[in-house]
Amino acid sequence: MIDKHTGGPAFPVPAGCGEDQGMTLLDYFAGQWLAGYIANPGIGFETREDEAIVAYAVADAMLKERNKR
C-alpha cells in the first residue's frame with residue numbers, strides 16, 4: 001500500500017526480497033530538489049536546515065499534486 005504522505009518506497013523491491021524498502025518517494029523528491037539547488041545555487045539560505053525545510057516543502061507539494069491525479 002502506498003503511504004499518501006511519503007509516497008511509499010522510491011525504488012521498491014519484489015516481495016520476499018527483504019523488508020527494507022530504502023528511501024521513500026518523499027525523500028527522493030527532496031534529494032532531487034537539493035541536487036538541482038546545489039547545481040544552480042542562485043538562492044542563498046542561511047543554514048543547511050533552511051535548505052532541508054525548503055526541499056521537503058517542495059517534495060510535500062509534489063506528492064500532494066501527485067495524489068490528486
Taking distance alone, no hydrogens or angles, what donor-acceptor pairs closer than 3.5 Å link side-chain atoms of residues 55-63 to residues at least two apart or in another chain?
from  : atom 1 : to    : atom 2 : distance (Å)
Tyr56 : OH     : Asp27 : OD1    : 2.6

Hey, would you say the Phe29 and Trp33 ring centroids sit under 6.0 Å apart? no
State which residues pass side chain to side chain contact (heavy atoms under 4.5 Å, CB included) with Glu46; sequence neighbours excluded, sorted by chain then number. Asp50
Quick check on the hydrophobic clustering: are Ile53 and Leu34 connected, directly or via other members, by side-chain heavy-atom contacts under 4.5 Å? no
Under the salt bridge (charged side-chain N to carboxylate O under 4.0 Å, His left out) test, which residues partner Glu65, sequence neighbours left out? Lys68, Arg69
How many angstroms lie between CG in Leu25 and CD in Gln32, if you round to the nearest 0.5 Å? 10.0 Å
Kindly compute the distance separating CD (Glu51) from CD (Glu49), expressed to the nearest 0.5 Å. 9.0 Å
